[in-house]
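Read through the structure below, which is laid out as C-alpha cells, and then see the notes.
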Amino acid sequence: MDALDRKIIAALRLNGRATYAELGRTVGLSASSVHERVGKLEAAGVITGYHATVNPSTVGLGVTALVGIQPTDTAEDNDVADELGALPEVESCYAVAGDEAFVVKVRVPTVDDLEHTLGRLRRIAGVARTRTTVVLSTRFEGRPNNTVLEDPPQTGA
C-alpha cells in the first residue's frame with residue numbers, strides 16, 4: 001500500500017459514495033486507475049465494506065448503552081461473543097482488557113427495552129455479571145481517523 005492508496009482510503013472514509021472520478025480528482029489519478037486500486041484494496045481486505053450512517057433516534061433507537069460483560073471462570077470467549085452477536089440490539093462488541101472480557105454497544109428504543117435486553121445478556125451462558133453505562137448524548141461517533149493514512153513525516157539528513 002503506497003501513499004496514493006492511503007489518500008484514496010482517507011477520501012473514501014470521508015465520503016464512501018464518492019465516484020471514481022471524484023476520487024481521481026482528489027488524489028491526482030484517472031478514474032480507471034482509482035477503480036483498479038480500490039478493487040485491489042477490496043480484494044486485499046483493506047476496504048471491507050461500505051455503509052450508510054444513520055441517526056439512531058430517527059429510526060426509533062433513542063437509547064444507547066455501553067455494557068461491560070464479565071464472564072464466568074469457565075466461559076469460552078468465542079462462545080460468549082457468538083451469543084452476543086446473535087442479539088440484534090448489540091451494535092458493536094469489543095474484547096477488552098480488565099475485569100470485563102467484552103464491552104458491547106446496545107441500541108434500543110426505550111429504557112424498558114434496555115432492561116429487557118440486559119436480562120437477555122445476563123442469561124447468556126458464560127456471563128457472570130454486566131455493568132451498564134447509559135449514554136446521555138453522543139458528542140461524536142464513527143468519525144474517520146486518518147492519522148495513520150497520512151504520509152509519514154520525512155526525516156532528512
Side-chain angles (χ1 to χ4, degrees), residues 1-71 76-110 113-114 117 120-121 124 130-157:
M1 186 165 51
D2 63 14
L4 285 172
D5 288 336
R6 292 177 193 282
K7 288 179 181 178
I8 291 168
I9 293 166
L12 282 171
R13 292 185 76 188
L14 292 173
N15 179 7
R17 296 184 69 175
T19 65
Y20 294 127
E22 291 167 338
L23 292 170
R25 283 190 293 277
T26 300
V27 302
L29 291 175
S30 69
S32 61
S33 293
V34 170
H35 182 262
E36 182 179 334
R37 283 176 175 261
V38 168
K40 287 179 181 178
L41 291 166
E42 290 170 345
V46 175
I47 297 174
T48 59
Y50 303 87
H51 69 276
T53 303
V54 177
N55 180 339
S57 62
T58 64
V59 294
L61 299 174
V63 177
T64 302
L66 304 174
V67 183
I69 308 290
Q70 188 172 32
E76 291 291 332
D77 283 354
N78 289 338
D79 294 340
V80 174
D82 289 345
E83 291 293 322
L84 292 169
L87 298 177
E89 305 91 344
V90 174
E91 184 175 290
S92 303
C93 178
Y94 307 96
V96 297
D99 292 337
E100 295 153 347
F102 300 101
V103 173
V104 296
K105 179 167 55 172
V106 172
R107 289 198 200 267
V108 292
T110 67
D113 293 311
L114 177 59
T117 298
R120 291 175 62 198
L121 288 171
I124 291 174
T130 62
R131 183 182 53 83
T132 303
T133 301
V134 175
V135 174
L136 299 177
S137 67
T138 302
R139 304 306 168 109
F140 60 86
E141 178 177 60
R143 67 181 182 166
N145 180 343
N146 286 326
T147 55
V148 298
L149 298 175
E150 296 172 357
D151 290 332
Q154 300 297 316
T155 57

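Residues: numbered from 1 along the sequence shown.
In terms of heavy-atom proximity, Gln70 sits nearest to Asp99 at CG-O, 3.4 Å. Taking every heavy atom of both residues into account, Val108 and Leu114 meet most closely at CG2-N, 3.6 Å. The minimum heavy-atom distance linking Ile8 with Leu29 is given by the pair CD1-CD1, 4.4 Å. In plain terms, the two heavy atoms of Pro109 and Val63 that are nearest each other are O-CG2, 3.8 Å. Of all heavy-atom pairs spanning Leu84 and Cys93, the tightest one is CD1-SG, 4.0 Å. Heavy-atom minimum distance, Phe102 versus Asp77: CZ-O, 3.4 Å.
Using a 4.5 Å heavy-atom cutoff, the side chains of Leu87 and Ile124 are in contact. Side-chain contact between Leu12 and Val38 is present, with heavy atoms from C-beta onward closer than 4.5 Å. Contact annotation: the side chain of Arg13 approaches that of Ile9 to within less than 4.5 Å [non-hydrogen atoms, C-beta and beyond]. Side-chain contact check for Asp82 versus Glu76: every heavy-atom pair is 4.5 Å or farther apart. Put simply, the side chain of Met1 reaches to within 4.5 Å of the side chain of Leu41, judged on heavy atoms.
For Thr132, there are no side-chain hydrogen bond (donor to acceptor under 3.5 Å, both in side chains) partners at least two apart in sequence or on another chain.
Sorted by first and then second residue, the pairs that involve residues 43-53 and meet side-chain hydrogen bond (donor to acceptor under 3.5 Å, both in side chains), not counting sequence neighbours, are Glu42-Tyr50.
One distance of note links CD of Glu100 with CD1 of Ile69; it measures 8.0 Å at 0.5 Å rounding. Here the OG-CZ distance, from Ser92 to Arg107, works out to 8.0 Å after rounding to the nearest 0.5 Å. Atom CG of residue Leu61 and atom CD of residue Glu89 lie 9.5 Å apart, to the nearest 0.5 angstrom. A distance of 6.0 Å separates CD in Glu141 from CD in Glu91, rounded to the nearest 0.5 Å. Between the NZ atom of Lys40 and the CD1 atom of Ile47 there is a distance of 13.0 Å, given to the nearest 0.5 Å. Residue Thr130 holds its OG1 atom at 14.0 Å from CZ of Arg120, rounded to the nearest 0.5 Å.
Applying the 6.0 Å contact sphere to CG of Asn78 captures no more than 12 heavy atoms from other residues, nucleotides or ligands.
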